[in-house]
Protein chains: 2
Amino acid sequence: MRLVIARCTVDYDGRLTAHLPEAVRLLMVKADGCVAIHADGGAYKPLNWMNAPNTLVEASDDGLDTWRVSNPKGETLTITLLEVLSDTAHEMGVDPGLQKDGVEAHLQELLAGDPSFLGEELSLVRREYPTGIGPVDLLCRDADGHTVAIEVKRRGEIDGVEQLTRYLDFLNRDELLAPVRGLFVAQEIRPHARVLAGDRGIGCVEIDYDELRGIESTTPRLF
Amino acid sequence: MRLVIARCTVDYDGRLTAHLPEAVRLLMVKADGCVAIHADGGAYKPLNWMNAPNTLVEASDDGLDTWRVSNPKGETLTITLLEVLSDTAHEMGVDPGLQKDGVEAHLQELLAGDPSFLGEELSLVRREYPTGIGPVDLLCRDADGHTVAIEVKRRGEIDGVEQLTRYLDFLNRDELLAPVRGLFVAQEIRPHARVLAGDRGIGCVEIDYDELRGIESTTPRLF
DNA sequence: TAGTAAATATCGCAG
DNA sequence: CTGCGATGTTTACTA
């Protein structure tokens, strides 16, 4: 990784055009060719960048260094270096990568293994059951043999209710499944989402992740 | 901005839990307190981060340095430094910020100036025509004098179709406007969005930004 | 490879 | 402060 601190201007031309006036910034060049330009503030997002794959060409013109980064899509990033304050490089090797725990896929997986955690007798038909407009997270049958479509979110907001509503519209056109009712499941369901779900006859269940994980790990298995 | 190259491990505990095994990485600390941990590859997104506002506490334990970053929401980021290869700091000042040009607002503006670009004879009634639940981008009349509501997006996805559907619901309650049909316009319309639009009787039009801009700039004007 | 949904999204604006 | 919409979103996953 190469790190350059420099007074510079930057021009991007691609999906839009953008310009950065003269200022001191950090130029970060990663081993795979990624270039990112950071200011000394704001969140982690750089002011400007160019992702791999790309090519970086350095040119010197009248004692003024210019970096021209271009990619196969025809986007270009032009950096004009007015004053280089620091220029270092470091070997870092390949990163083993991030280990995550507690995201939506996890919730869905745990619930698929034990749908009755949701407080009623449910048996799984399929995960990621396909509809004409996308897959619904879990399709189950309840004690009465009726179909239940379940949408799982980490945080339950209005968009998720809309999403489940669309799935229900499509699923209910299938005579083999109809009538299908909906269950909206999340660690936290926002008041507005709860109201909208209620208005549409969709049930809401808030689940505790630690509890779900705990039950999962302590449930006796037959193997 | 402080830049540290170090062999380290990282643990994040907050909205989820995450762990980074031992490796050499870049630790970036910005003037506003933001901390970001970068590997030497991947796009501009860091492996781990903590945005402002937060507090960074450095502690030394058995000759092992530990950074503990925490924020008011109770999230914590713990960095254990096993070997510091470089530790530098640079004054960079405040950045003047990015100047952008050529995003979605542009599309709507250009189409308002020439609705017939959409492939049929349309005349503009109003931009940002208000409905009870927000303004629809363009309201037009077609050759037959019927009302057409147009939603413009850069990328056409399902959410946009939902949005236009809501507008149509409201507009069609107005006897002076009804019946109102919908046109979904974007540079690129995703297949599922197209299916949903078709299902609801909403027309889809993909437009080329460069072509639209070109026509606009070459159209003769009467002033 | 293309398409779709999730994300510790970030960021800006309006109400 | 909250919610909504755009983003050069990026990333991960699946068909």
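Order of the sequence lines sets the chain letters (A, B, ...), proteins ahead of strands, with each chain counted from 1.
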Undergrad: Among D:dA15, D:dT10, C:dT10, which nucleotide has an atom closest to any side-chain atom of B:Lys45?
TA: D:dT10

Undergrad: With the side chain of B:Ile158 defined as its heavy atoms from C-beta on, choose the nearest nucleotide among C:dA5, D:dG5, D:dT11.
TA: C:dA5

Undergrad: More 5' along DNA chain C: B:Pro191 or B:Glu75, using each one's nearest nucleotide?
TA: B:Pro191

Undergrad: Between C:dT10, D:dG5, D:dA15, which one does the side chain of A:Arg126 approach most closely?
TA: D:dA15

Undergrad: With nearest nucleotide decided by heavy atoms, which residue, A:Tyr167 or B:Leu47, maps closer to the 5′ end of DNA chain C?
TA: A:Tyr167

Undergrad: Tell me whether A:Lys153 is salt-bridged to A:Asp159, with the criterion being a basic N under 4.0 Å from an acidic carboxylate O.
TA: no

Undergrad: Once you apply a heavy-atom cut-off of 4.0 Å, does B:Tyr12 come out as touching a base, just sugar-phosphate, or nothing?
TA: base

Undergrad: Testing A:Leu164, A:Leu118, A:Val205, A:Leu124 for side-chain contact (heavy atoms from CB on, under 4.5 Å) with A:Ile150, which one passes?
TA: A:Leu118

Undergrad: Taking for each residue the nucleotide of DNA chain D bearing the nearest heavy atom, is the 5' side occupied by A:Gly14 or by B:Gly42?
TA: A:Gly14

Undergrad: Give me the one residue out of A:Thr80, A:Ile79, A:Asn48 that meets side-chain contact (heavy atoms from CB on, under 4.5 Å) with A:Leu20.
TA: A:Asn48

Undergrad: In whole angstrom, what separates B:Arg194's CZ from C:dT4's P?
TA: 11 Å

Undergrad: Calculate the interatomic distance between A:Asp137 atom CG and C:dA5 atom P; express it in whole Å.
TA: 11 Å

Undergrad: Whole Å only: how far is the NE2 atom of B:His192 from the P atom of D:dC13?
TA: 19 Å

Undergrad: Using a strict 4.0 Å threshold on nitrogen-to-oxygen distance, state whether B:Arg194 and B:Glu157 make a salt bridge.
TA: no

Undergrad: Tell me which pairs pass side chain to side chain donor-acceptor pair (under 3.5 Å) where either residue lies in residues 122-136 of chain A, with sequence neighbours left out.
TA: A:Gln108-A:Arg127, A:Gln108-A:Glu128

Undergrad: From C-beta outward on B:Gln163, which listed nucleotide comes closest to its side chain: D:dG5, D:dT10, C:dG3?
TA: D:dG5

Undergrad: Please work out if B:Glu188 contacts a base, only the sugar-phosphate, or nothing of the nucleic acid, heavy-atom cut-off 4.0 Å.
TA: nothing

Undergrad: On a whole-Å scale, what distance lies between the P atoms belonging to C:dA6 and D:dG8?
TA: 22 Å

Undergrad: Picking from C:dA6, C:dC11, D:dT10, which would you name as closest to the side chain of A:Ala43?
TA: C:dC11

Undergrad: Expressed in angstrom and rounded to an integer, what is the separation of A:Glu162 atom CD from D:dG3 atom P?
TA: 16 Å

Undergrad: Using atom CG of B:Asn71 as one end and atom P of C:dT10 as the other, report the distance to the nearest whole Å.
TA: 11 Å

Undergrad: Within this structure, what is the CG-to-P distance between B:Leu16 and C:dA7, rounded to whole angstrom?
TA: 9 Å

Undergrad: Let's see if you can work this out: which of C:dG3, D:dG5, C:dA9 has an atom nearest to the side-chain heavy atoms of B:Arg166?
TA: D:dG5

Undergrad: Is the closest basic N to carboxylate O distance between A:Glu58 and A:Arg2 below 4.0 Å?
TA: yes

Undergrad: Return the value, rounded to whole Å, for the distance between atom CG of B:Asp159 and atom P of D:dC4.
TA: 12 Å

Undergrad: Which part of the nucleic acid, if any, lies within reach of A:Met50 when heavy atoms closer than 4.0 Å are counted: base, sugar-phosphate only, or nothing?
TA: base

Undergrad: Round to a whole Å and report the spacing from CG of B:Leu98 to P of D:dT9.
TA: 14 Å

